[in-house]
Amino acid sequence: MTKVVQAQINGILIRVPEGTTILEAAKQVQIKIPVLCKHPDLPPEASCGICIVRIKGTNKMLRACCTPVENGMEIITHDPEIIEIRRTVIELILSNHPNDCLKCQRNNDCELQRLTADFGIHSESFPTFLRDIPKDYSTNAIDLDPVKCILCGRCVHVCQNQQNVWALSFLERGMQTRISPAGDIQLADSPCVRCGQCAAHCPTGAIVEKDDTGIVWNALQNKEKYCVVQMAPAVRASIGETFGQIGVNYTKKLYALLRRLGFKAVFDTSFGADITIMEEASEFEERLLKQTRPLPLITSCCPSWVDFMEKFHTDMIENFSSCKSPHEIIGVLSKTYYAEKFKIDPSKIFMVSIMPCTSKKYEIQRSSEMFASGFQDIDAVLCTRELGRMIKQAGIDFENLPEEQADSILGEYSGAGVIFGSTGGVMEAALRTAHYLITGRELEHVEFESVRGLERVKETEVEIDGMKIRVAIAHGLSSVEYVLEKIRQAKLNNTEIPYHLVEVMACPGGCVGGGGQPYMVTDELRVKRAKALYSDDKDKEIRFSHQNPYIKRLYEEYLGKPLGEKSERLLHTTYVPQPLYRK
Amino acid sequence: MENINTEEIKSLIQKWKGKDGNLVMILHEIQNRYGYVPRPVSLEVSKETGIPLARIYEVITFYNYFELCPPAKHTISVCMGTACYLKGAPELLEEIETLLHVQEGQSTEDGQFHVNVVRCLGCCGLAPVVSIDGKIFGKVKKSEIMEILSRYTHEENNVKV
């Protein structure tokens, strides 16, 4: 049992497990200690000094974010002197920060701005010193403006530790310290996989998603264009946070919203996920029963994971599913199948994807196969945060919108399609259909509890027709190493493969925790977002991709069969090793 | 830049492999060998040791001792000590910066000159003082700078011929 320590915060007695920080303990007595560098999702960096508190009887000020409560401590979190020191800390940070909030992408949604307002700072107390560091717009997914950086260290931590990518680091020291892509080059020339975890954790406007709302507004105004849209599973579970609603599934209101924004047809990426499953499960069946290509089969719907593999783990290329990601599939089908059926000139179609993801912005041009329709299959990608801004710009009372349906033939999804947005979801959806493909029978229990949840690596065994299928699920790129190493060792020693099927998502929690999702994500929030998707699945009449009547129709009318000639041409892609450093 | 000898770097890394804090030691050897840490060498170190380039550059830029650019052929030090300052050193520095198209602390693009500011060279009687590769030029006038610098560029030309 953990030891309990007893202390006082502002004169109120607290009892907390040993190791609890002062910051955490203070919440028990309804005290919010202000923080800036500390993100609730990450370990303390202790770089800013705003959370200082006083211990009675000493002159010392301690940082609440990284100081554990000790027995008998008498902690004071707020007094006039503490408040004055905190104000000075903010003023010093502001003296190195550009004063252009009105034109900043984080305006009204910035942690530094919020603190400045809370502390009532109305003038410059110190002369401003700004450094001349160039902006970096090289990736087409993430924009870097190191001058706005307050050196909190969150992005460096997520990039190096959580994601194991090592694209970002601090360079130089003291006053000269700055964030920079690996070895002072452009982000696009670095190992960056565009996951956007840095942007999702940045407290200011130093790292933001590339804003494509302007491109989309222009297309919506252009009478020559036929604008269509799709939205990813994870967006429906998080867009509510823009309006203070947590864990609510807004699927049907989003359909209505997107029509009101001016889109002529509204599709659902979850339907694309159903197609991915048809292709991927068939690929799995083929590899398992006919040994056409090596096992394990590794999922490939996450573009950051694909990028990571092409840079760091090229020996896994033959294990990768060649199937495109769900939104790319909807993209190519909107400009082929849908265009043909509704007699729309595909060159006029402007396809927008609403994604929880910054990497999808890069994916739409990642290879020539992303132009399989003869045009760029996806014209623009907006992440959840950008959609949130568009809703406000459009003046739509989102929460009171009526509920609508998606446009059929690319809109009706099964329960299996919507759980793609959570870690383990692709695995579960694939297993449901693979079971049918292998045995010819439907599963009695559709839910695979053992592949759900936020454990960073999940390993389990599923029995299909007497065969033991070993699976692994990893999320957060630093968790991948363990799984890949096991596969490598088995290859090397010529022993039995450790897994048959592996799912990887670059972001912790999967897409619900994506780099384009609303700010301040924690595991608690990831669980709530995922729960919204799992209940959507549970409420669905059809919970298997292969049972979706629109999927059947698509293959009957257009594609032929999974892995058939047409499917291969439109729905599949290839992978090539990429250099880690381009300069 | 001279050619990078991959074998040499590999054996140098081998010497420190598996030892704690080996990155700094490896970088020291490289700095001693080349006079700076060339980027291709950093990439080689990253490949051989598995240490990400980001970490290698964190260390290189953290310590003043490590350089990322090759040392210039000639080092110009302009004294900004009190006496030199009052006798017009800022004007000399400005002239040097204009003529060579560099800022203080930088090297010229052709790698010929590095321009430094120093505090007192110990010969205030000769103020304002400029030193090039340790040779002292005293009571320097702005108009003489061009001629002084040209001695070094000419010397360079002679060597080339």
Side-chain angles (χ1 to χ4, degrees), chain A residues 45 47 131-133 136 144 146 151 153 155-193 197-198 207 308 311-314 477-478 481 484-485 488 577-583, chain B residues 1 3-4 6 9-10 13 18 21-24 26-31 34-71 97 101-107 109 111 114-117:
Chain A
E45 293 281 340
S47 62
R131 280 183 300 156
D132 185 19
I133 314 173
D136 184 337
L144 204 64
L151 306 176
C155 60
V156 175
H157 176 86
V158 292
C159 190
Q160 298 187 350
N161 301 88
Q162 176 189 294
Q163 299 299 72
N164 200 21
V165 169
W166 291 83
L168 287 174
S169 68
F170 281 128
L171 287 187
E172 306 188 58
R173 67 196 289 181
M175 277 296 285
Q176 301 305 320
T177 312
R178 63 195 161 96
I179 45 161
S180 162
D184 222 2
I185 46 180
Q186 294 252 291
L187 210 46
D189 298 325
S190 82
C192 173
V193 297
Q197 284 298 313
C198 52
I207 310 183
F308 189 72
K311 282 172 178 159
F312 291 88
H313 303 292
T314 47
L477 286 171
S478 60
E481 214 64 45
L484 297 186
E485 206 37 47
R488 254 180 221 128
Q578 303 287 345
L580 207 47
Y581 304 100
R582 287 178 191 273
K583 269 180 188 155
Chain B
M1 191 180 72
N3 283 337
I4 306 295
T6 321
I9 294 160
K10 273 187 186 154
I13 290 166
N22 59 1
L23 178 58
V24 170
I26 292 168
L27 291 175
H28 261 284
E29 297 229 17
I30 293 165
Q31 170 83 28
Y34 295 95
Y36 71 115
V37 186
R39 189 175 184 89
V41 176
S42 289
L43 284 166
E44 194 60 33
V45 172
S46 175
K47 213 165 89 191
E48 285 296 315
T49 59
I51 300 170
L53 191 68
R55 170 53 47 85
I56 294 175
Y57 268 68
E58 279 172 357
V59 173
I60 293 175
T61 60
F62 186 85
Y63 295 106
N64 261 332
Y65 175 75
F66 298 119
E67 295 288 343
L68 282 167
C69 297
E97 288 178 338
H101 303 288
V102 284
Q103 296 285 305
E104 173 241 319
Q106 294 177 340
S107 298
E109 232 166 62
H114 182 82
V115 182
N116 260 342
V117 161

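What you see is a predicted model, and the numbers here were worked out from it, not measured in a lab. All heavy atoms count here, side chains included; hydrogens, waters and symmetry mates do not. Numbers restart at 1 for each chain; the letters A, B, ... are given by sequence-line order, proteins then strands.
To the nearest 0.5 Å, atom CD of residue A:Gln160 and atom CZ of residue B:Arg55 are 5.5 Å apart. Rounding to the nearest 0.5 Å places OH of B:Tyr57 at 9.0 Å from CG of A:Leu171.
Summarising the geometry of B:Leu53 relative to A:Ala182, their closest heavy-atom pair is CD2-O, 4.2 Å, with the distance given to 0.1 Å. Nearest heavy atom pair, residue A:Ser169 against residue B:Glu58, reads CB-OE2, 3.0 Å. Shown here for A:Tyr581 and B:Leu43, the closest heavy-atom pair between the two residues is CD1-CD2, 3.5 Å. Contact between A:Glu172 and B:Thr61 at its shortest, heavy atoms only, is N-OG1, 2.8 Å.
Looking at A:Ile185, only its side chain comes within 4.5 Å of chain B, counting heavy atoms on both sides. Using a 4.5 Å cut-off between heavy atoms, B:Ser42 does not touch chain A at all.
Comparing A:Gly174, A:Pro191, A:Gly183 by how many heavy-atom pairs each has under 4.5 Å with chain B, the most go to A:Gly183.
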